[in-house]
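All ligand and atom numbering here is 1-based and tracks the order in the structure. Numbers for residues simply follow the sequence, beginning at 1. What you are looking at is a predicted structure, and each value in this text was computed from that prediction instead of being measured.
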Amino acid sequence: MLSFPSMKILGIETSCDETSIAVLEVNPPTRKASEGTVKVLSNIVSSQVKIHAPYGGVVPSLAAREHEKNLKPVFEKALKEAKNEMSEINLIAVTVGPGLEIALWKGINFSKGLAQEFKKPIIAINHLEGHIYSNFFKSKKIKFPALNLIVSGGHTQLVLMTGHGKFKIIGETQDDAAGEAFDKVAKMMNLGYPGGPIVSKLAEKGNPKKFQLPRPMLNQKNYNFSFSGLKTAVLYLLKELGQINQKTMADICASFQQAVIDVLVQKTIKAAKEYKSKSILLSGGVSANKLLRKTLQKETKKLKMFYSQPDFQYTTDNAAMIALAGFYKNKVSKKSEKLIASPNLKIKKW
Ligand code: KG4
Ligand code: ZN
């Protein structure tokens with residue numbers, strides 16, 4: 001158990017296409033709440049989805065332009081909703097990577113400006129570590145070692161966590177991320193962007209057993225993933241089928257989704273057993289997928305391990321998770337990191 005004074009943290013996130021700023025209040029342990037309590041006072045997310053949708057993916061220069069435009073109003077809204085002034089903030093936590101370099105710089109420079117003006121300390125946060133902490137808003141039962149399955153648009157990783165900030169990557173995708181595969185499959189069928197929510201919605205009406213698609217790397221001894229071959233298999237299937245109706249489209253979506261989930265869940269469960277983890281934590285944009293949530297929860301229960309998944313509003317990119325990671329990192333880490341945009345930043349020990 002960590003002991004600490006009450007703190008307010010301003011989180012800032014601009015790694016991709018969401019401009020987000022949050023105010024978080026973390027209160028020290030009491031007899032009732034032995035781990036302390038976390039209150040999200042505000043978590044403003046300004047999404048750029050509509051701007052990037054016509055291009056079928058995120059355009060970095062447009063993302064940077066939008067962040068530049070949105071940061072100030074989002075910041076003002078976040079403070080107003082939290083009924084707070086900058087004078088009450090103890091720490092600024094900002095995402096420095098991984099992500100789009102020019103987008104990351106917008107958030108970093110904005111935080112530097114605030115830090116200078118209001119004389120506040122800043123802490124550099126890894127976006128993926130932020131996703132991990134999206135499971136720590138209210139759960140008191142997370143026991144270490146905890147195995148994290150992080151599935152987003154840019155990353156797919158299994159990260160073993162033996163304590164706060166004690167991370168070890170035990171597997172990752174060799175090519176496409178899970179969310180990227182959903183987005184690309186949606187693009188092949190002209191379904192729109194981002195593809196994950198659209199494909200999973202259509203999949204609800206489809207038969208997951210209709211098409212036999214590959215389960216890449218399922219039986220390999222390591223904990224790495226690969227989704228590029230699966231995506232290509234869908235492409236060949238579409239070519240072979242030619243014109244398709246709504247029902248077939250739903251069947252393709254369901255069969256594809258099932259293949260992704262089979263690989264993610266089976267490899268996570270195998271790793272959890274090998275590493276004797278006590279908890280399994282799901283996070284990242286793809287953790288919004290209802291079937292993935294249900295399947296991983298069911299399989300974790302069989303192992304009698306503790307399971308956690310973020311509330312829906314914390315599955316995709318948001319600054320509240322960055323602020324919470326900032327709180328823990330500030331407690332645990334003695335290192336001071338440079339505030340430099342790092343597009344390929346890796347998860348590492350604090
Ligand atoms: O974490 P996130 O918001 O951004 C990154 O850090 O990449 O994740 C976005 C990804 C996109 O690829 C999106 O298609 C996917 O999450 N996603 C989903 C669902 N909702 C969002 N994938 C599958 N099923 C969903 N319901
Ligand atoms: Zn993300």
Sub-4.0 Å atoms of ligand 1 with respect to non-hydrogen atoms of G285
1 (O), 2 (P), 8 (O), 16 (O), 17 (N), 18 (C), 19 (C), 20 (N), 21 (C)
C16 touching ligand 1 at heavy-atom level, < 4.0 angstrom:
no
For ligand 1, which atoms sit closer than 4.0 Å to a heavy atom of G179?
12 (O)
Please identify which atoms of ligand 1 are closer than 4.0 Å to at least one heavy atom of T316.
3 (O)
May I ask you to list the atoms of ligand 1 that are less than 4.0 angstrom from any heavy atom of G154?
7 (O)
Could an N or O of ligand 1 be found under 3.5 Å from any N or O of D183, whether backbone or side chain?
yes
Taking only residues two or more places apart in sequence or in another chain, which ones pass side chain to side chain donor-acceptor pair (under 3.5 Å) with N245?
T248
Looking at ligand 1, is there an atom of it that comes within less than 4.0 Å of some heavy atom belonging to H131?
yes
Between E66 and K69, is the closest basic N to carboxylate O distance under 4.0 Å?
yes
Nearest neighbour in protein (non-hydrogen) for atom 18 (C) of ligand 1
G196 CA, 3.5 Å
For the pair E172 and K346, find out whether any cationic side-chain nitrogen is under 4.0 Å from an anionic carboxylate oxygen.
yes
Would K290 count as a contact residue for ligand 1, given that I'm defining contact as a non-hydrogen atom of the residue lying under 4.0 Å from a ligand atom?
no
Which atoms of the protein, restricted to N, O or S, are nearer than 2.8 Å to the Zn ion (ligand 2)?
H127 NE2, H131 NE2, D317 OD1
